Amino acid sequence: MKVLSMLLAGFVLGYATSDIGPVDSLVYSTAVFGSFWAIVNGLTVVAVAACGTAVAAARSSAPTATIVAMAALLVVVFQTVGMVPGMLGHWAAAVGTGVLLGAAAVLSGHHRGAQAALGVSVVGAGLLGYWLDALLQANDGPVFVWDVVGAEDDVAPERAIVMVIAAVGAAVTLFLARRHEVVQPPETPRILLVGLSLPVVASVLSWIAADADTRSVEWLGALVGMTAAALLASFLLPGRNGRLLLVLFAVSATALGTSGFAAGDAVRLCASAALLIVGAGIGYRWPQLYIGLGGLFVVAATSLTENYVEMPMVSQFALPLVAAYVLVSALATSPGSLAISLPALFVMALPVTVVSAGYTPSLSMDESIISRTSEPDHLVLSVAGLVVLAVVTGAAVLLARRSPVVRGNS
């Protein structure tokens, strides 16, 4: 029941995260892309709230963490169905998602299966949630009563229905699993230091890279800074707990050249979800962190080759399999480290901008229209991802020499 509750809670978390704009300001709703005020965005608030909740819940009783998680579920559902509209709703979604993540991380304890279920479902739903919405909202789907009556402008009825069903399942299983929860040891002050500072640093670097070309000094410098921040944070975490942060950042780096998971239609979406499950199962049974990192190298190199050699696009299908495998192989970790690492996959992903420009003559519409699109440099993205992978692998080797921190089991 504990694993099932974490699986459903993780789906709610990931699905809610997929609807949070990574560059949408929570200070000014009219802030444009690349605005300074976008530093305070939903994903940053999610990460900060998750860390604070995990540290606070670890110092309280297990029933308290369950109550906090169920209350956060209620907030997320209310926002999804449009009961908390406007800017207040965006804040409610971000804070509620972060609180739920922190409480769920504490409830998962040091149980490797529960942590794996939570982590894989958060990553899967977070990266595939947008495509699930696109399929549910396709014109050939059924007409909901909500569509006829009319709903709030920012509410998608299909997403609301899925979220309500998943949240109810998560709440029921969390309630049933409450008897098996135990009090977790308090987290160290370094958890709070890393968890509060890392999202802010990542947001500043994302703001620097927002309007920059991928070949520019600004964007590459932001990537170097993001890598340095990930390395520093992983070594500040106690023992080997920083490995999960490193491997999730490695997954983000690999996705630079592959454009993420394959999810353009229903078949590819289901295939990616199935590959996530298979990768998680293999990683749980035969965990080998270095094999997983090597698999990310192969995926990144394959993506680089696909752009110059005529071959099937396999990297987007291999990425979910390897990502789930390497994620589960890095477990178990402390609940605080889990609450810090899972949002990092989304917060530490640098924006890649596609710039387009057009010109329409004003004297005669018979003249040709001039347009130009500046695509991101695939070679730069792929090579940058490979370099980051090499650095992260070296850091993982150094972390492996540390003694593991044993803080109890649940």
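Note: hydrogens, waters and symmetry copies are ignored here, and every other heavy atom, side chains too, is used. Bear in mind the structure is a predicted one, so any value in this text is a computation, not a measurement.
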Nearest 0.5 Å please: distance from the [atom1] atom of [X] over to the [atom2] atom of [Y].
X: Leu237; Y: Leu244; atom1: CG; atom2: CG; answer: 9.5 Å
X: Ser121; Y: Leu342; atom1: OG; atom2: CG; answer: 8.5 Å
X: Ser206; Y: Asn41; atom1: OG; atom2: CG; answer: 7.5 Å
X: Leu231; Y: Leu245; atom1: CG; atom2: CG; answer: 9.0 Å
X: His111; Y: Lys2; atom1: NE2; atom2: NZ; answer: 6.0 Å
X: Ile340; Y: Ser197; atom1: CD1; atom2: OG; answer: 8.5 Å

Which residues satisfy the side chain to side chain contact (heavy atoms under 4.5 Å, CB included) test with Thr173, sequence neighbours excluded? Met1, Leu4, Ser5, Leu8
State whether the side chain of [X] and the backbone N or O of [Y] hold a donor-acceptor pair below 3.5 Å, judged by distance alone.
X: Arg112; Y: Tyr284; value: yes
X: Thr305; Y: Ala301; value: yes
X: Gln115; Y: Leu338; value: no

Are any of the side-chain heavy atoms of [X] and [Y] separated by less than 4.5 Å?
X: Leu220; Y: Val224; result: no
X: Val55; Y: Ile191; result: yes
X: Leu321; Y: Val278; result: yes
X: Leu192; Y: Cys51; result: yes

[X] and [Y]: which non-hydrogen atoms are nearest, and at how many Å?
X: Gly10; Y: Leu118; answer: CA-CD1, 3.7 Å
X: Thr53; Y: Gly98; answer: OG1-O, 4.4 Å
X: Val397; Y: Tyr290; answer: CA-OH, 3.6 Å
X: Leu389; Y: Ala250; answer: CD2-CB, 3.6 Å
X: Leu100; Y: Ala69; answer: CD1-O, 3.5 Å
X: Ala94; Y: Gly42; answer: CB-O, 3.6 Å

Pair Ser337, Ser334: side-chain N/O donor-acceptor within cut-off below 3.5 Å: yes
Among side-chain atoms of Asp133 and Tyr15, is any donor-acceptor pair under 3.5 angstrom? yes
Mind checking side-chain hydrogen bond (donor to acceptor under 3.5 Å, both in side chains) for Thr97 and listing every partner two or more places apart, or none if nothing turns up? none
Quick one: side-chain hydrogen bond (donor to acceptor under 3.5 Å, both in side chains) partners of Ser203, sequence neighbours excluded? Thr44
Side-chain donor/acceptor pairs under 3.5 Å, residues 323-333, sequence neighbours excluded:
unit_1, atom_1, unit_2, atom_2, d
Tyr325, OH, Trp286, O, 2.8
Tyr325, OH, Gln288, N, 3.2
Ser329, OG, Gln288, N, 3.4
Ser329, OG, Tyr325, O, 2.8
Thr333, OG1, Asn241, OD1, 3.2

Partners passing ring pair (Phe, Tyr, Trp, His ring centres under 6.0 Å) against Phe249 (at least two apart in sequence or in another chain):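 Per chain and number, Phe249 pairs via ring pair (Phe, Tyr, Trp, His ring centres under 6.0 Å) with no residue.
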For Phe346, what residues pass the ring pair (Phe, Tyr, Trp, His ring centres under 6.0 Å) criterion, not counting sequence neighbours? none
Using a 6.0 Å distance limit plus a 45 degree cone around the ring axis, check whether Arg268 lies over the aromatic ring of Phe317.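 No, a cation-pi geometry is absent between Arg268 and Phe317.
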